[in-house]
Engineer: 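If you scroll down you'll find the structure; I have some questions about it.
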Protein chains: 2
Amino acid sequence: MTSRAPGRRVRKAPAERRSEIVATAARIGLTEGLECVTLRRVADELGVQPGLVGHYFPAADELVAEAFTHATMRELDGLLPPDSDGPLHTFRRFFGLTSSAEFDDVSKLWLNARHLSRYRPVLREHVMKQELLWCRRLEELIAAGTATGVFACADPWGAAIRVLVAIDGASAYVNTSADRRGTPAADMPRTVAESELGLRRGTLLAS
Amino acid sequence: MTSRAPGRRVRKAPAERRSEIVATAARIGLTEGLECVTLRRVADELGVQPGLVGHYFPAADELVAEAFTHATMRELDGLLPPDSDGPLHTFRRFFGLTSSAEFDDVSKLWLNARHLSRYRPVLREHVMKQELLWCRRLEELIAAGTATGVFACADPWGAAIRVLVAIDGASAYVNTSADRRGTPAADMPRTVAESELGLRRGTLLAS
DNA sequence: TGCTTTATTGGTCGCCCACTCAATAGCATT
DNA sequence: AATGCTATTGAGTGGGCGACCAATAAAGCA
């Protein structure tokens, strides 16, 4: 990919280089898994020496953690854009996206990160932050819809949690039984949401 | 732990040694994680040379996969014993166990295995088999309860899937937010089950 | 009792990893 | 055009891993 003549140096501003490294690490983590985010692998991708990546991230754990955060923040913004046209439409779009095959990499990333958190404290902190962030964004959406009377929900926070639990549960099978996309498990997140928001069955199906 | 004088050999029947290895690997996988199931680690635990474990498992992947299967089969038998005193009682016991801290290691193991399945085809096959097995056992229980009129469920298979999805979703947080055991997420598996089986709220609470 | 079988040892090899650090060269400043 | 700062190189260390294999000794059999 990004290759240069050996020995050739490209000197960049630290901030730029750093974000370049994080972005690359995030892409690797999302598509190939967080265990592939190594100093060497990222350096290869960028066409630099491993030592350089090590210079910006003296502890590799930090790089993995930032890669995860970078990737999930991007995804969240794509899934629940802050400026949206109405809670109902946003929700439909949300479930359309999360139930499609394009979301598989994101499911894999969360599964990956949640397991890896067992061994990597730094990553664990980042994962917990993102869990909270995703939940809050969902809660806000539910609260907004409830305020305008589109949804009927007495406990937006609890509803957000339960919807996310359903999504996490359904996506737990992404590495083993991803082909069963038509199974009862695939519909569960949406039906849970419809029930939590006081909507008729099928209301949140993509339009 | 299990230590012998260096050089001392204990010769066992192949079948015995093999199952000894699998049992040890399963224990390590359950308590420390499947990535700790290495030829060296298992050999140390048994007080033998790594080469011996390699002799019984020429491919390490096979050992990891068998360790997982061994551990989950044990757990399933403890959770849903074949000879039980009534579907209702069995279900109460099931949720009592799965929502306790003792179940955390099992949650971690499933999370671990599902993620690792991304890279290890042999493990993936074993995980898929166990997913099917757990679901079938749950389905049988639901079907039995429906037959005797204790439960009201039109689709035992779908109900089993949805209950397991709820459990998997709730236990996804085991490595990051395990302390939130009182959260809405913790109750979800049970309430989903009560709803699926046509039971009143709280019916499945441990007695 | 001696012989054969084979379970087990004990080492080697190559691979990939994070981490360290002195030397080097790109860039901005003067 | 010379200088100073520092981003970057390049090589090395040590550790863990799976895989491989000839030599060895324990156990069953003649």
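Residue numbers start from 1 in every chain, and the chains themselves are labelled A, B, ... in the order their sequence lines are given, proteins ahead of strands.
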Engineer: Rounded to whole angstroms, how far apart are CZ on B/Arg18 and C1' on C/dT6?
Structural biologist: 17 Å
Engineer: Within the 4.0 Å heavy-atom criterion, would you say B/Leu52 contacts the bases, only the backbone, or no part of the nucleic acid?
Structural biologist: base
Engineer: Is the shortest distance from a Lys or Arg side-chain nitrogen in B/Arg18 or B/Glu66 to a carboxylate oxygen in the other one below 4.0 Å?
Structural biologist: yes
Engineer: Can you tell me the distance, in whole Å, between the CG atom of B/Asp44 and the P atom of D/dG16?
Structural biologist: 11 Å
Engineer: Taking B/Arg27 for the side chain and B/Ala71 for the main chain, is one N or O donor matched with an acceptor at less than 3.5 Å?
Structural biologist: no
Engineer: Which listed nucleotide (D/dG10, D/dA25, D/dT8) is nearest to the side chain of A/Arg9?
Structural biologist: D/dT8
Engineer: Within less than 4.0 Å of OP1 or OP2 of C/dG26, is there a side-chain N or O belonging to A/Arg8?
Structural biologist: yes
Engineer: Looking only at side-chain atoms of A/His55, point me to the closest of D/dA7, C/dG26, C/dC19.
Structural biologist: D/dA7
Engineer: Is the base of C/dA7 touched by the side chain of B/Arg17 through a donor-acceptor pair closer than 3.5 angstrom?
Structural biologist: no
Engineer: Taking only the side-chain nitrogens and oxygens of A/Arg41, find out if one of them lies under 4.0 Å from OP1 or OP2 of C/dC16.
Structural biologist: no
Engineer: CG of B/Leu39 versus C1' of D/dC20: gap in Å, rounded?
Structural biologist: 12 Å
Engineer: Quick check: on DNA chain D, is the nucleotide nearest B/Arg11 upstream (toward 5') of the one nearest B/Glu35, or the reverse? Name the residue that is more 5'.
Structural biologist: B/Glu35
Engineer: With a non-hydrogen cut-off below 4.0 angstrom, is B/Ala59 in contact with a base, only sugar-phosphate, or nothing?
Structural biologist: sugar-phosphate
Engineer: To the nearest angstrom, how far is A/Tyr119 atom OH from C/dA18 atom C1'?
Structural biologist: 18 Å
Engineer: What nucleotide, of D/dG18, C/dT9, C/dT8, holds the atom closest to the side chain of B/Lys12?
Structural biologist: C/dT8
Engineer: Is any side-chain N or O of B/Gln49 closer than 4.0 Å to OP1 or OP2 of C/dT8?
Structural biologist: no
Engineer: Counting any heavy atom closer than 4.0 Å, what does B/Gly51 reach on the DNA or RNA strands: base, sugar-phosphate only, or nothing?
Structural biologist: base
Engineer: Calculate the interatomic distance between B/Ile21 atom CD1 and C/dA7 atom C1'; express it in whole Å.
Structural biologist: 11 Å
Engineer: Using a heavy-atom cut-off of 4.0 Å across all strands, would you classify B/Pro50 as base, sugar-phosphate, or nothing?
Structural biologist: nothing
Engineer: Output yes when B/Asp187 and A/Arg162 qualify as a salt bridge under the 4.0 Å nitrogen-oxygen rule, no when they do not.
Structural biologist: no
Engineer: Could you go through the side-chain contact (heavy atoms from CB on, under 4.5 Å) check for B/Thr24 and B/Arg41 one step at a time?
Structural biologist: CA-CA 10 Å; B/Thr24 302; B/Arg41 185 76 179 68; over 6 Å; no
Engineer: Once you round it to whole Å, what is the distance between C1' of D/dA7 and CZ of A/Phe57?
Structural biologist: 15 Å
Engineer: Determine whether the side chains of B/Glu35 and A/His115 contain a donor N or O and an acceptor N or O closer than 3.5 Å.
Structural biologist: yes
Engineer: Is the phosphate of D/dT8, meaning OP1 or OP2, less than 4.0 Å from a side-chain N or O of A/Tyr56?
Structural biologist: yes
Engineer: Please determine whether any donor N or O and acceptor N or O are separated by less than 3.5 Å between the side chain of B/Arg40 and the base of D/dG18.
Structural biologist: yes
Engineer: Give the C-alpha distance, both sets of side-chain angles, the deciding distance and a yes or no for salt bridge (Lys or Arg N to Asp or Glu O under 4.0 Å) between B/Asp77 and B/Arg137.
Structural biologist: CA-CA 10 Å; B/Asp77 284 340; B/Arg137 284 277 272 274; 2.8 Å; yes
Engineer: Taking atom C1' of D/dT8 as reference, at what distance in whole Å does atom CD of A/Glu20 sit?
Structural biologist: 13 Å
